[in-house]
Amino acid sequence: MTKDENMNNPDDADFIARRLRMVDQQMVRRGIRNKAVLDAMRTVPRHLFIPEQSQDKAYHDGPVSIGRGQTISQPYIVASMTEYLRLDPESKALEVGTGCGYQTAVLSEITPHVFSIERIAGLLEDAQARLNRLGYASVQTMLGDGSEGWPEAAPFDAIIVTAAAPAIPQTLCDQLVEGGRMVIPVDRGTTGRQDLLGLVRTPTGIEQEVLYEVRFVPLLGEIDG
């Protein structure tokens, strides 16, 4: 383990065992193969990214509320979305929706070049403090409308959107390098259902595919100070 995940938590050894079991049962058995992703999921202390009263659920096969109407995604979804991006240590990645910072930390285990945008000030402040405390100080964060991306830092090799958009934001597509990849949940109109889309920017435009059905909180542009 390269990060300080003890943080005076008396149940640390038990949480490590749960985390390793989570990766084997929820990811490896479901087809996640990328070694860097699996190593990241084994390393990041997921229980330290959620409220203390919910930590017993940290390694369960499902999302967990983190307050303010937001959730930390199901572990498998985090791993699957990260794997789609095909990150390496030189990749420059943009995350839309910092939330509690868990997905941010997973990305940072693979590449130090992570930029993350959050629209809720309280969530961002908590996530920044948590990431710094756990050793992920290289992450750059910003309070803002994630659908606009981060033009000053663009272009990106990878973009991950952790909330459901009504449509694919063209601004985000424009901030991908050629060959860059984006993964984003998108609403299916009025059906209340969402598809996780994988996109690749090619010399002739954006190619996309439907990966599977998902359920995320909505992507909202308004900044909540």
Side-chain angles (χ1 to χ4, degrees), residues 1-32 34 37-84 95-110 116 118-120 122-136 139 141 160-164 183 185 192-194 196 211-220 224:
M1 303 291 176
T2 59
K3 309 299 180 191
D4 174 16
E5 62 176 79
N6 187 8
M7 293 183 61
N8 300 316
N9 190 320
D11 296 322
D12 185 60
D14 178 55
F15 280 126
I16 291 174
R18 295 189 199 186
R19 184 159 62 253
L20 297 180
R21 189 162 57 247
M22 171 194 76
V23 173
D24 288 342
Q25 296 180 354
Q26 299 177 34
M27 294 156 205
V28 174
R29 290 186 183 180
R30 290 176 178 164
I32 302 296
N34 184 284
V37 173
L38 293 173
D39 286 347
M41 299 299 293
R42 291 186 180 107
T43 300
V44 179
R46 180 177 166 90
H47 61 285
L48 298 182
F49 288 83
I50 64 178
E52 186 174 356
Q53 66 271 20
S54 300
Q55 286 187 352
D56 193 54
K57 303 176 183 176
Y59 299 104
H60 290 186
D61 189 15
V64 180
S65 171
I66 57 171
R68 298 182 175 91
Q70 306 298 301
T71 61
I72 180 173
S73 294
Q74 176 187 5
Y76 170 78
I77 297 295
V78 173
S80 176
M81 291 175 72
T82 306
E83 184 173 58
Y84 181 82
E95 176 189 35
V96 175
T98 313
C100 63
Y102 176 67
Q103 173 73 79
T104 324
V106 170
L107 297 173
S108 297
E109 283 289 339
I110 304 172
S116 187
E118 174 56 53
R119 69 176 184 86
I120 301 175
L123 278 181
L124 184 60
E125 290 174 8
D126 290 347
Q128 285 175 319
R130 188 176 296 114
L131 289 164
N132 287 335
R133 192 163 60 241
L134 290 170
Y136 300 102
V139 174
T141 60
I160 182 168
V161 182
T162 62
V183 61
R193 299 161 74 97
Q194 302 167 0
L196 186 66
L211 302 178
Y212 45 82
E213 187 175 325
V214 290
R215 182 173 296 277
F216 279 80
V217 298
L219 177 66
L220 301 175
D224 181 355

Could you state the interatomic distance from [atom1] ([X]) to [atom2] ([Y]), rounded to the nearest 0.5 Å?
X: K57; Y: I72; atom1: NZ; atom2: CD1; answer: 13.0 Å
X: F49; Y: L131; atom1: CZ; atom2: CG; answer: 5.5 Å
X: Q25; Y: L20; atom1: CD; atom2: CG; answer: 11.0 Å
X: H60; Y: M22; atom1: NE2; atom2: CE; answer: 11.5 Å
X: L123; Y: T141; atom1: CG; atom2: OG1; answer: 12.0 Å
X: L38; Y: D24; atom1: CG; atom2: CG; answer: 9.0 Å

Counting only heavy atoms not in Q53 (residues, nucleotides, ligands), do more than 12 fall under 6.0 Å from its CD?
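For Q53, atom CD is crowded (more than 12 foreign heavy atoms under 6.0 Å).
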So which heavy atom on [X] is nearest to which on [Y], and how close?
X: R19; Y: P45; answer: NH1-CA, 3.6 Å
X: R68; Y: G122; answer: NH2-CA, 3.7 Å
X: M81; Y: V161; answer: CE-O, 3.3 Å
X: G101; Y: A127; answer: N-CB, 4.0 Å
X: R46; Y: G62; answer: NH2-O, 3.4 Å
X: V214; Y: P185; answer: CG2-CB, 3.9 Å

Is there a donor-acceptor contact under 3.5 Å from the side chain of [X] to the main chain of [Y]?
X: T98; Y: L124; value: no
X: R193; Y: E213; value: no
X: E109; Y: A40; value: no
X: R130; Y: L48; value: yes
X: E83; Y: N34; value: yes

Under the side chain to side chain contact (heavy atoms under 4.5 Å, CB included) test, which residues partner [X], sequence neighbours left out?
X: R18; result: D14, F15, R21, D56, Y59
X: D39; result: K35, R42
X: V217; result: Q70, T71, A163

Picking from L107, T104, V96, I160, what satisfies side chain to side chain contact (heavy atoms under 4.5 Å, CB included) with S116?
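With S116 as partner, L107, T104, V96, I160 yield a single side chain to side chain contact (heavy atoms under 4.5 Å, CB included), made by T104.
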Pairs where residues 73-82 contributes a residue and the test side chain to side chain donor-acceptor pair (under 3.5 Å) is met, not counting sequence neighbours:
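Output for this query lists D61-Q74, S80-Y212, T82-Q103.
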Going by ring pair (Phe, Tyr, Trp, His ring centres under 6.0 Å), name the residues that satisfy it together with F216, two or more places apart in sequence or in a different chain.
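In terms of ring pair (Phe, Tyr, Trp, His ring centres under 6.0 Å), with neighbours along the sequence ignored, F216 is linked to no residue.
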Listed by chain and number, what are the salt bridge (Lys or Arg N to Asp or Glu O under 4.0 Å) partners of E125, not counting sequence neighbours?
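Not a single residue meets the salt bridge (Lys or Arg N to Asp or Glu O under 4.0 Å) criterion with E125.
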Is there a side chain to side chain contact (heavy atoms under 4.5 Å, CB included) between V44 and Y136 once you walk through the steps?
CA-CA 10 Å; V44 179; Y136 300 102; 3.6 Å; yes
